[in-house]
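These notes are about the structure you will find just below.
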Amino acid sequence: MLESIREGSQGIVSKVIIGLIILSFAFAGVSGYFGGNTQTAAATVNGVEISQSDLERAYQNQRARMEGQYGESFGRLLSDSQYLATFRAGILEQLIGDELVSQFAQNSGVRVSDTQIKEAILSMQEFQVDGEFNNDRYVALLGQAGYTPTGFRDYLRIQLSRQQVVSAIAASDFALSAEAKQAMNLQQQTRDIKYLTIEASAFEDTVAVTDEAKQAYYESHLDDYLTKEQVKVSYVELKLSNLIEKQVAEESAIQAYYDNNLATYQTEPQVRASHILVDFGDDSEAAKAKADELLLKLQQGADFAELAKAESSDSFSAEMGGDLDWFGKGVMDPAFEEAAFGLSEVNELSSVVQSSFGYHIIKLTGLKPVVTRPLEEVRGEIEIAIKTEAATTEFFELQTQMAALAFEVPDELVELSEALNTEIKTTALFSRDSAPELFRNQSALEAAFASELIEEAVNSEVIQINDEHALVLRVEEHQAVRTLSLEEVDSRVTSALTASLAFEMAQTWINDLQVKLIAGENVDEVIAEKSAEWKTIDGMTRFANDVTADVRDIAFQSGVLSYDVSNAGERSVSVVQVLKVNQPDLSDEASVEAMRQRMGNASSQRSMQAFIDLLKEKADIQRF
């Protein structure tokens, strides 16, 4: 078949095909299942390796999806090395879980037939044009993704077998209509309330702060008055981009580069071919005899497309009359490719060609010759290439010079600056969490706060920001962590202590008010003294945002006509009374059914996670 004659792909799976799998299957892994594996493993699961490239592809795919959903904010999260490590570890655990489910499916005898694979591919919308499977689109998308049809079908087989396990577990979980109604009743219930809130700031005028109280508060909150370690850094940087700007590309060099790299500016030759495949079966000689017979029929005028549909073992291309679409070199089986590119005229037939998968008869249906782009069209590209090459050589030479001068003249940057013909830049004082953008690079940040550079006042080694950017720095000023004295933070202590005492007074006031309310006393005068007032809300939901969360939470925890107190941090306190509980209308059966489905799905997800956790407990897993 078509997928049998193509070689295993070594390309990176594109987002397009990953998207197809994600849309089609619930637990679509992104690891490659074809090609040799000489890489270091990220983990082994019962002896089966998950390679570093598997993990990297999964990471890049998940990162792209998250950035697409959350934008730049997610990218900023990944700049935190600890978050990044946690994120990657989570992806590795998902790959481990996927592998365990696949192994469970294999060991349990779960099988996916070729027919099921074919039906799945034919039904995937991504391979359809006007609602019908389109072989050209299928081949094109697989080619863009670096997949061979064989590799893609093997991948789908794994996904479908895994999906059978997932579906079996999901089918064992469900929710009853009564449970759904109970959940909806809790979620959709509303309450009529009245509440009174008093701000702690209303008591600040009556707070008396003594020196003794300030001293005690200061000593009990010393951690609040620690400074952050700060440094002021001077540095000299070397950028490849700056060196490129200074380079000149001579006309003779441009012409020579073009001549020496002419193949770069030429299109690959391509052919379009149709074929009829007779697989070896159980009798290779009989297969060869059948192929010879088919070739004879073609030579006698038989219609190639009709014969391919009737006789070819490649069921996919057979449906298209044997058409394989356009392909270049390095895609097909070597013997097949040699024969196809050996044909020189459209409609020419090959002899019977033996590949490692069977016997083929090939018909050439199209030729695309080599096309060379003229020099003027690629001149700009060549100039950039020449300048970049020269600048790169200079960049590495200057890095070597930087390293030598930074070591030989360790107590200043002037000589280094002059040698590189660049300025010395100096930062303001900064801490680890307020570093300028350049020093958010982990290597640069560690060097800026390195004890050796601080204590000995010497230059750093060359710090590699990336492959095109390097710098040498020295610490000009260092401020160690220390506890600020009470005199330095007197106003801060006074403010914090005042707020704390005012909050305590607010708590006492609201608690006294609650006692009086429960006793049935008239509290109008007490409330008026603080310019407070009751507020009412009818039909407040559990997710209302027109009240503070503490008031809302107390309202849904309290009984009718009871008075309860809530605290909003240390800013305000409230007393809340529930006047009425309003039950929702649960007569809409469609809504109840939707809730039941959601609860069942949530239960299925929990069961699936528990199942994977159990597999992990019993598995031999090594994480590297």
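On a predicted model such as this, the values are computed, not experimentally measured, just so you know. The chain is numbered in sequence order, starting from 1. Computed from heavy atoms alone, side chains included, the values below leave out hydrogens, waters and symmetry copies.
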Q. How far apart are the C-alpha atoms of T426 and S234, what are their side-chain angles, what is the distance that settles it, and do they pass the side chain to side chain donor-acceptor pair (under 3.5 Å) test?
A. CA-CA 4 Å; T426 304; S234 292; 2.9 Å; yes
Q) Can you list the residues that meet the side-chain contact (heavy atoms from CB on, under 4.5 Å) rule with Q605, with sequence neighbours excluded? A) none
Q. Quick one: are V101 and M608 in side-chain contact, heavy atoms under 4.5 Å?
A. yes
Q | Non-neighbouring partners of L501 that pass side-chain contact (heavy atoms from CB on, under 4.5 Å), sequence neighbours left out | A | V207, L497, E504
Q.
Quick test of your reading: applying salt bridge (charged side-chain N to carboxylate O under 4.0 Å, His left out), list the pairs with at least one residue in residues 190-206, sequence neighbours left out, ordered by first then second residue.
A. none
Q. What are the two closest heavy atoms between M595 and A183, and how far apart are they?
A. SD-CB, 4.5 Å
(Q) Taking side chain to side chain contact (heavy atoms under 4.5 Å, CB included) as the criterion, tell me which of N242, V472, L398 meets it with L420. (A) L398
**Q.** Short N-O contact, E99 and K616, less than 4.0 angstrom
**A.** no
Q: For residues D98 and R162, determine if any side-chain heavy atom of one lies less than 4.5 Å from a side-chain heavy atom of the other.
A: yes
Q) How about D80 and L84: do any of their side-chain heavy atoms sit closer than 4.5 Å? A) no
Q) Do the ring centers of F439 and Y235 come within less than 6.0 Å of each other? A) yes
Q. Do the two ring centres, one from H221 and one from Y225, sit under 6.0 Å apart?
A. no
Q. Can we call the ring centroids of F543 and F556 under 6.0 Å apart?
A. no
